[in-house]
Amino acid sequence: MDFMKKYVRKHWKLFLVAVFFVMLEALADLLQPTIMSHILDVGVAEKRLDYVLKMGGIMLMITAFGAVAASMRNIVASHVSQKFGTELRADLFAKMQSLSFTNIERFERASLITRLTNDVTQVQNFVNGLMRIFVKAPLLCIGSLIMAVRLNMHLAVVLLIVVPIVGILVALNLKVGFARYVNVQKALDGVNRVIREYLSGVRVVKAFNRFDHEADKFQKTNIEYQDKSIQVTRLLAIFNPSILLTVNFGIVAVLWLGSWRVNQHQMQVGHIVAFVNYMTQILFALLTISMVFNMFVRAKASATRIGEVFNQLNEMTWDDKAELPAHRPGGRIDFANVSFAYEGAAGEPVLKQINLTCLPGETVGIIGSTGSGKSSLVSLVPRFYDASSGEIRVDGVNIRQLDPAKLRDRIAIVPQNTILFSGTIEENLHWGNEHATREEIEQAATMAQAHSFIVGFPEGYGTRLGQKGVNLSGGQKQRLSIARALVRKPDILILDDCTSALDTATETEIKKSLKVFASGVTCLIIAQRITSVMDADKIVVMDDGEIVGIGTHEMLLESCKVYVEICQSQFGKELPHHVKAE
Ligand code: GTP
Ligand code: MG
């Protein structure tokens, strides 16, 4: 819970202001029963109307005073808790952004969302409550105890029995409750996960008519959430009435004991009324305290989950002094004995002993069957992941020493799964480089063969994508994604199978313009089709995480069995030797 310190340090002054007002409010509440007992015992018993009016006036003033204090603490408490919640959410979001892929993958996405929304709200509510009722309840409880004892020592014996019993009940409640609240939170994660999956795959769900299946899945998690929540409410259903019952027994005892003493003329009626009043205040304070504990338990479970994210140490380290050489364009990449395994995948390496050099300005094609590790290989270059062993150098600098942000400044990547953001086309292209001029953007779009279809839209570059905007075809998206990378003017350009949805004619056009653009830029081009990489300076053939051949098309046809097999599967058995680079 270390992360809370920062906010405590920042907000404690206003917090104390709120607590101050709560104290005034509690004081007003505490004075009421005593004044009332005076009215009864003096004013009513002695039939003194002036006294009743005078004390009534005082009571009214104290109530007004309490109301003002209550409004003030409401204002302050809302302000502090809202600020606290907003800051916590912002910090958590920033932390999530700073985490490496490996760190993030340790959490389920759904659970990250719940942490950012529901968990933060829980903690925020608790902080709010802390300033509103939580401080007031103990104050009222202890204050009422003191006032009650001062009022009448004999009746206070009842409290001696009632208070410890209630204390034990509250403690028990706390002990049993914690694990259950944690379960509720986990179940809510489950609900969020199913919704997220459903929404992101809604087309597939509908296409396969799997709606019932999804509905079942949702129903299951929903019921699970219900069951866990019921378990918690059951707990409350047992404990709250027990507390109520205990205190009510206490009140009956006070009435009985009091009436007996009044009959003996050892006590006045007003004392009994005031004492019962104090006991009711104690009762409500105790109920609030047990509610406080429940909220505390819930907030603690949430805070623990938030803390887990904050405690993720970013494993990616770097040396602030390390810089890439200033001369541009650079773009040499060296893989030296690189092996790599994803975390949690039973340590099974997906890349084994990779040795590869890409010279500045070279176009390197990467080909291999699906799952052979092509995407994994290129994801190591921008440090999405760190290699498990071996060394990767960019322009001679070991990338483990480089700040990923600096490294990624020089790299543009077109990922295998096209991702565009909601916003206009122009905004999406600006992502590549926020300083790009309109001309540069249009130039990049032209090279990626996207300009013509963009200007075909009525709103051209101002066309909105995503929610409430147009939906692009797969190939159109790929072309925008390529244009976005070109806008960046990188030293290293990585294209991960990004022409798969394009027809061969468009692909050829893009390749032609890339040739012009890419003079001086190191290009890593992953492709499924041999024709996409045939004319590269060199082609890397991957198989099951290993490089099984490096060379030009002709060389590989002579020397690499896997390459020949891929060729044969794409061109037919007898063709390989006739297929020549354009
Ligand atoms: P295609 O894109 O289908 O042509 O395959 P690829 O050659 O790009 O393969 P990729 O590098 O994506 O995957 C290589 C191996 O790594 C496969 O066995 C995957 O199951 C595994 N893999 C890929 N991504 C992840 C990941 O994010 N986490 C884990 N644990 N394994 C992954
Ligand atoms: Mg891939």
Side-chain angles (χ1 to χ4, degrees), residues 96 99-112 193 196-197 200-201 204 312 314-316 333 335 338-356 358 364-390 392 404 411-419 474-475 477-478 481-482 485 492-502 507 523-534 536 538-550 556 560-563 565-567 569-570:
M96 284 178 190
L99 290 176
S100 71
F101 285 23
T102 317
N103 287 122
I104 287 192
E105 279 158 17
R106 284 198 197 126
F107 302 97
E108 278 183 71
R109 303 245 159 120
S111 120
L112 283 180
R193 184 179 54 240
R196 211 191 79 90
E197 256 176 32
S200 59
V204 185
Q312 281 291 313
N314 204 336
E315 279 143 23
M316 219 155 255
I333 310 168
F335 287 80
V338 171
S339 296
F340 172 63
Y342 287 100
E343 187 177 284
E348 186 65 32
V350 293
L351 295 173
K352 298 162 208 159
Q353 294 294 319
I354 301 289
N355 284 294
L356 173 67
C358 312
V364 179
I366 303 174
I367 203 159
S369 58
T370 149
S372 56
K374 305 181 293 293
S375 300
S376 308
L377 180 74
V378 296
S379 72
L380 296 183
V381 180
R383 275 194 92 181
F384 289 156
Y385 301 93
D386 274 335
S388 319
S389 68
I392 302 170
I411 301 175
I413 187 157
V414 182
Q416 190 162 19
N417 300 320
T418 317
I419 292 165
K477 280 190 201 155
Q478 282 192 338
S481 174
I482 296 173
I492 297 171
L493 177 65
I494 298 171
L495 304 173
D496 191 350
D497 204 10
C498 63
T499 50
S500 58
L502 302 180
E507 188 187 356
C523 289
L524 298 179
I525 302 178
I526 298 179
Q528 302 288 351
R529 290 196 289 251
I530 293 263
T531 49
S532 310
V533 292
M534 218 158 55
K538 67 180 165 221
I539 301 169
V540 175
V541 187
M542 297 208 52
D543 189 35
D544 198 16
E546 285 173 303
I547 294 183
V548 291
I550 302 182
L556 289 170
C560 179
K561 211 174 112 240
V562 179
Y563 191 74
E565 276 166 17
I566 299 174
C567 268
S569 69
Q570 293 184 9

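Everything numeric in this text was worked out from a predicted model, so none of it was measured. In what follows, every heavy atom counts, from backbone to side chain, and hydrogens, waters and symmetry copies are set aside. Start at 1 and go down the list; that is how both ligands and their atoms are numbered.
Side-chain contact between L377 and F335 is present, with at least one heavy-atom pair separated by less than 4.5 Å.
Listed by chain and number, the residues in a salt bridge (charged side-chain N to carboxylate O under 4.0 Å, His left out) with K477 amount to none (sequence neighbours excluded). Residues satisfying the side-chain hydrogen bond (donor to acceptor under 3.5 Å, both in side chains) criterion with N355, sequence neighbours excluded, are N337. Looking at residues two or more places apart in sequence or on another chain, you find a ring-ring contact (aromatic ring centres under 6.0 Å, His included) between Y385 and F101, F340, Y342.
Considering all non-hydrogen atoms of both residues, A536 and I539 come closest at CB-CG1, 4.4 Å. Taking all atoms of both residues into account, the shortest heavy-atom contact from V338 to I392 is CG2-CG1, 3.6 Å.
Of all the heavy atoms of V350, the ones lying under 4.0 Å from any atom of ligand 1 belong exclusively to the side chain.
The N/O atoms of E105, backbone and side chain alike, include none that comes under 3.5 Å of an N/O atom in ligand 1. Inclusion of G368 in the set of residues having an N or O under 3.5 Å from an N or O of ligand 1 is not warranted.
Those atoms of ligand 1 that come under 4.0 Å of a heavy atom in Q416, given as number and element, are 1 (P), 2 (O). Of all atoms in ligand 1, numbered sequentially from 1 with element shown, those under 4.0 Å from a heavy atom of Q528 are 4 (O).
Here 2 is the count of protein N, O or S atoms positioned under 2.8 Å from the Mg ion (ligand 2), waters not counted.
G371 counts as a contact of ligand 1, since one of its heavy atoms falls under 4.0 Å from the ligand. Residue contacts with ligand 1 do not include E348, since none of its heavy atoms lies under 4.0 Å from the ligand.
Using modelled atom types and a 3.5 Å distance limit, the side chains of T102 and E343 yield no donor-acceptor pair. Between the side chains of Q528 and S500, not a single donor N or O lies within less than 3.5 Å of an accepting N or O.
Of the listed residues (Q478, E507, R529), just one forms a side-chain hydrogen bond (donor to acceptor under 3.5 Å, both in side chains) with T499, and that residue is E507.
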